[in-house]
Each structure stands twice: as structure tokens, then as C-alpha cells.
2 protein chains.
Amino acid sequence: MPIPGETLQRQDIHNSQVPVVCRACEARHRGICGTLTPEQLTLLSRHASRQTFSPDQELIASGTSAHRHGAILSGVVKLTKLLGDGRQQIVGLQFAPDFLGRPFKRQSEVGAQAATDVKVCSFPKSTIEDLIRRSPDLEHRLHEQTLKELDEARDWMLTLGRKSASEKVASFLYLIATHIDPERADPTARFELPLKRADIADFLGLTIETVSRQLTKLRKAGIVEIENNRSVVVPDLERLRQAGASG
Amino acid sequence: MPIPGETLQRQDIHNSQVPVVCRACEARHRGICGTLTPEQLTLLSRHASRQTFSPDQELIASGTSAHRHGAILSGVVKLTKLLGDGRQQIVGLQFAPDFLGRPFKRQSEVGAQAATDVKVCSFPKSTIEDLIRRSPDLEHRLHEQTLKELDEARDWMLTLGRKSASEKVASFLYLIATHIDPERADPTARFELPLKRADIADFLGLTIETVSRQLTKLRKAGIVEIENNRSVVVPDLERLRQAGASG
DNA sequence: CGTCAGCTTGAAGGTGCTCAATAACCGTGG
DNA sequence: CCACGGTTATTGAGCACCTTCAAGCTGACG
């Protein structure tokens with residue numbers, strides 16, 4: 001259960017310097033915003049704006065100089081790489097309240113598209129970079145996220161390089177199950193798939209057809225239940241984890 | 001052309017505070033050491049020691065609490081991940097003067113083994129972490145390296161997920177050619193492969209046999225020349241790059 | 001009710017794997 | 001110097017898995 005907004009807001013009530021837009025923000029105390037001082041928040045919010053994107057809409061065009069960075073407020077973002085002939089690979093998924101953008105570099109080498117409906121709070125690259133230079137805490141926070149993303153990328157390299165199709169699909173479902181609803185103690189999970197089949201295929205380095213076949217195989221094995229193509233129930237998370245090959 | 005040692009050393013001659021062991025070090029002005037003040041270098045060097053490793057020797061056992069970090073002085077290090085049943089994937093290659101170790105985390109989730117003969121300068125995890133906390137510059141440098149590694153990991157995910165076997169092998173050769181001898185203007189390259197076939201296979205998510213077959217295919221196509229299994233000549237780097245599929 | 005996007009299912013084919021034999025390389029010691 | 005064993009790499013034949021191509025299905029929305 002998410003913490004009711006009340007407790008979060010009470011903290012800020014005592015600090016009138018916190019910008020109005022931030023006070024009610026879902027991400028106010030998470031992600032990068034959590035480390036900022038009221039003055040820094042003010043500076044940032046002055047240049048910040050909210051945007052929404054619908055599935056498959058581009059947040060950053062690959063190869064384009066992205067002049068804005070941001071934080072995901074809700075939804076799932078896919079990071080993609082393209083080959084000359086159209087082959088595509090999803091190289092990362094990002095969830096709220098992740099930071100979006102690659103600091104200290106002109107060109108982004110990955111594209112970013114909304115996978116689901118997405119809300120972001122974005123600000124100019126230069127604003128956040130200035131802030132980073134002046135706030136070691138913020139850089140540390142971003143460094144931590146980068147390290148986390150690197151760990152995840154390497155986990156996925158193992159999946160891409162060495163797992164079979166059915167292990168890949170199971171690993172994917174397990175990944176989503178553990179990311180959508182971060183804290184859950186019970187062995188069962190229930191969620192909506194944030195990706196359509198084509199995206200899953202691009203994430204796993206497979207074709208749509210193979211993904212589909214492996215899903216029905218997992219369904220027939222009783223490891224997952226799927227309804228309306230998107231709603232998933234996992235009766236036993238541990239069993240799903242094992243289907244993804246024990247690392 | 002590398003800068004002659006003379007100019008490098010002259011800087012230190014005027015600064016007698018720089019530790020003796022560091023003065024003649026190949027990595028003194030590169031990698032993380034480059035940002036450190038003489039005092040910081042002294043602190044670090046007091047706890048530092050040099051080690052050498054031969055091929056396949058473990059620098060860090062996966063899952064083990066690595067209590068030392070370090071810098072690569074020479075050689076190539078492979079970062080590996082293992083699946084329960086023995087399947088292996090190399091998730092990164094590191095060259096001098098890269099930093100070795102994952103800060104701010106108890107457990108390393110990857111193993112590190114020497115690919116070639118390797119020299120490292122290592123120090124206790126806690127020493128460098130203290131230093132990081134006190135030196136924003138150092139954290140920035142490490143953050144930059146982490147970002148670089150993340151970019152590389154994602155590049156490789158595209159290779160693992162979407163390229164054919166022959167494209168994979170070509171991509172690998174191109175990667176090595178451009179990393180072994182970083183600055184080279186001419187279109188031709190000549191180098192020793194730092195990895196044996198089994199390692200290449202683990203890096204590419206293939207089998208030894210497939211790697212071998214694709215290498216002879218590239219050889220017969222005149223894209224590379226190979227002698228003694230390890231010495232490679234690439235007459236036209238651009239052609240090799242294209243054989244790896246234009247991204 | 002028709003259309004369109006997304007998903008599933010089937011049959012055929014190819015790429016890369018498995019298993020197995022041969023060949024090249026390298027250090028050691030006769 | 002060559003013979004030798006061990007490690008590393010190449011090559012071949014058959015097969016499995018995943019892809020390709022093609023058809024049908026489902027649900028949302030006009």
C-alpha cells in the first residue's frame with residue numbers, strides 16, 4: 001500500500017520555501033528530488049514542466065541532442081537501440097521515480113519511448129547539470145542510479161546471451177512482477193503487463209511469435225494465468241523465478 | 001602517439017608530496033588517480049599494493065564480499081556472470097586504466113577474472129569509499145566511468161539480442177581493435193586477441209565452434225587475417241565495422 | 001457489422017548447437 | 001632437435017530451437 005499523501009505533505013507544510021508544484025508531487029520525496037534542498041527545488045521547478053506521453057511516443061529521439069532531462073512520475077519508459085536495417089533492441093526499462101537522461105553528454109545513444117501512458121517532470125539539461133556540479137549529494141544519488149542500471153543491464157546480458165526462449169520469457173515476467181509492485185511479501189503477484197508482445201520480443205531478442213508461444217507454454221504449465229492479453233496472475237513467484245533459470 | 005614520460009614526471013618532481021610508488025606508475029595521470037591530490041594519493045598509496053594475475057585467475061569471486069578495489073595497470077579483465085547449471089556470460093571487458101570494483105555495495109554480483117596477464121594496484125574498499133565521500137571530483141570521475149560502462153553494456157545488449165553470429169564476431173573484433181590501441185588514425189589495425197575462443201564465445205553468447213566457424217568465414221572473405229590463433233591484422237577497419245552491422 | 005491492431009497458432013526452413021573427430025600450438029623433457 | 005602430452009582451435013554431420021511466412025482469431029471502435 002502506498003503511503004497516504006498526508007504524511008508526506010506534512011513535512012513540507014513547515015517549509016514554505018518548497019515550491020507549490022513540488023509539494024503535491026508524487027515524486028517529491030523519491031528519486032533525485034529527495035536529495036534536493038528547498039532552494040534547489042525552487043531553482044529546478046522554475047524551469048520544470050510536466051508532460052504526458054502515450055504508448056510508443058518518443059521522449060528522446062535516438063542520436064538527437066536531448067536538451068531536456070526529467071523524472072518519471074508514472075508509467076514505464078523503454079530505452080531502445082536500433083540497427084541500420086530496422087532491427088530493434090530494448091536495452092532498459094525505467095519506472096517511476098527514475099531519472100531520465102544521460103548527463104554530461106551531447107548525444108543520447110539510446111532512444112526513449114513511452115511503453116505505457118507516461119507522466120514526466122522535465123527541465124533543461126543545463127539546469128540539472130549546474131545543480132549536479134554544485135551538489136555532491138545529487139551526483140552521488142545519480143551515480144547510485146547509474147550503478148543500479150548497470151547492474152540491471154548486466155543481468156539482462158546474461159539473459160540475452162545464455163538463456164533459452166522460455167527462460168527469457170519467464171525472466172521477463174519475473175522482472176515485471178518484482179518491479180511493478182516493489183514491496184510485496186506474499187508469494188503471489190497480480191499485475192498488468194506494461195509492454196505489448198512486440199516490445200517484449202524486442203526486450204528479449206526474440207520474435208513476437210516465439211514470445212506468444214512461450215507464454216502459452218507457461219500458461220499451460222500453470223506458472224502464470226493471463227487474461228485479456230495483459231492481466232497476469234502469478235500464483236507462485238518462486239516457481240516463476242525458477243522457470244527463468246536460477247542464476 | 002603516447003605522451004613521453006618525461007613531461008609527465010616533470011610535474012611530480014616539483015611536488016615531493018607525491019608518493020614514491022605513484023611517481024613512476026603507468027596509471028598515475030590516468031584513470032581515478034588523475035584526479036587525486038598529493039595528499040589523497042599518499043593516503044591511498046599507504047594502503048595500496050600491486051598484484052599480478054595470470055589468465056583465468058579470479059580477481060573477485062562472484063557473490064563474495066569483495067573487500068578490495070583497484071585500478072588496472074595493464075592487461076584485460078573479464079567480468080562474468082554464471083547461471084546455476086554452468087552457463088556463463090561475459091558482461092564486460094576492462095582495460096587499463098579502468099577502475100575495478102563496485103562501490104557502495106557489499107556483494108559483487110559479477111565475477112572478475114584475468115583474461116590476459118594482468119597487473120593491478122589495489123586498496124581496501126573502505127579507503128577508497130572514504131576518499132569518495134570527501135572528494136566530489138573523484139565521485140564525478142567514477143560516475144563518468146560508470147556511465148561509460150553503461151553505454152558499453154547497452155551497445156552489447158543490442159549485439160547479443162539482435163545480431164547474427166557473424167555480425168557478433170565482427171563486432172567483437174572491431175571492439176577489440178578500437179580498444180587495444182585507442183588512438184590510431186590509419187584504417188588498418190594489428191593486434192593480439194586478449195581472449196581465447198572460449199572467452200569470445202562467452203562474450204558473444206555463442207559456442208566455441210560457432211565462433212571458430214565465423215572467424216574462418218571472415219578470414220576467407222578477406223576482412224581479417226589471423227595467425228597463431230591470436231595475432232590479428234585488419235586491413236580495412238571500416239569494412240570490419242560494416243560486417244558488424246551498421247548501428 | 002466491418003475494419004484494424006494486436007495476439008495466437010500452424011507448417012516449413014535455416015541458423016546455430018551438440019557431439020565427435022582431427023589438427024595446430026606450446027611447453028617440457030628426452 | 002624431435003618426440004610427447006595437454007591445451008586450444010578447426011572442421012564435419014545431424015539435430016533442435018527459433019524464425020519465417022501465412023492464416024485465423026480476438027477485442028476495441030468506428
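Per chain, numbering begins at 1; letters A, B, ... match sequence-line order.
A donor and an acceptor atom sit less than 3.5 Å apart, one in the side chain of B:Arg213 and one in the base of C:dT18.
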Evaluate the criterion ring-ring contact (aromatic ring centres under 6.0 Å, His included) for residue pair B:Phe123 and B:His69; output intermediate values, then yes/no.
CA-CA 6 Å; B:Phe123 25 77; B:His69 286 344; 7.6 Å; no
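Taking atom CZ of A:Arg219 as the reference point, atom C1' of C:dC7 lies 11 Å away to the nearest angstrom. Note: CD (A:Glu227) to C1' (D:dT26) measures 14 Å, nearest angstrom. Put simply, CZ on B:Arg230 is 11 Å from C1' on D:dA9, counting in whole angstrom units. Atom pair A:Lys217:NZ and C:dT9:P shows a separation of 14 Å (rounding to whole Å applied). As a whole-Å value, the separation of B:Asp202 CG from D:dT8 P is 13 Å. As rounded to whole Å, 10 Å separates atom C1' of D:dC18 from atom NZ of A:Lys168. Residue B:Asn228 contributes atom CG, which lies 13 Å from atom P of C:dA24 at whole-angstrom precision. Between the P atom of C:dT15 and the CD atom of B:Gln214 lies a distance of 10 Å, rounded to the nearest Å.
Take the nearest nucleotide of DNA chain D for A:Glu209 and for B:Thr210: the residue whose nucleotide is more 5' is B:Thr210. For A:Asn229 and A:Arg162, each mapped to the nucleotide of DNA chain C holding its nearest heavy atom, the one lying further toward the 5' end belongs to A:Asn229. Residues A:Gly205 and B:Ile208 each lie close to DNA chain D; by heavy-atom proximity, the contact nearer the 5' end of the strand is made by B:Ile208.
Side-chain contact annotation: B:Thr80 with B:Gln113, donor-acceptor N/O pair under 3.5 Å present. Inspection of the A:Gln214 and A:Glu167 side chains reveals no N or O donor paired with an N or O acceptor under 3.5 Å.
A donor-acceptor pair under 3.5 Å is absent between the side-chain atoms of A:Arg50 and the main chain of A:Cys121, judged by distance alone.
Using a 4.0 Å heavy-atom criterion, one finds that A:Leu215 contacts no nucleic acid atom at all.
Between A:Asp98 and A:Arg30, none of the side-chain N atoms (NZ, or NE/NH1/NH2) sits under 4.0 Å from a carboxylate O, so this pair counts as no salt bridge.
When distances run from any side-chain atom of B:Ser212 to the nucleotides D:dT11, C:dT9, D:dC18, the shortest one goes to D:dT11.
OP1 and OP2 of C:dT18 both lie 4.0 Å or more from every side-chain N or O belonging to B:Thr207. Considering only side-chain N and O atoms, B:Thr216 lies under 4.0 angstrom from the phosphate OP1 or OP2 of D:dT11.
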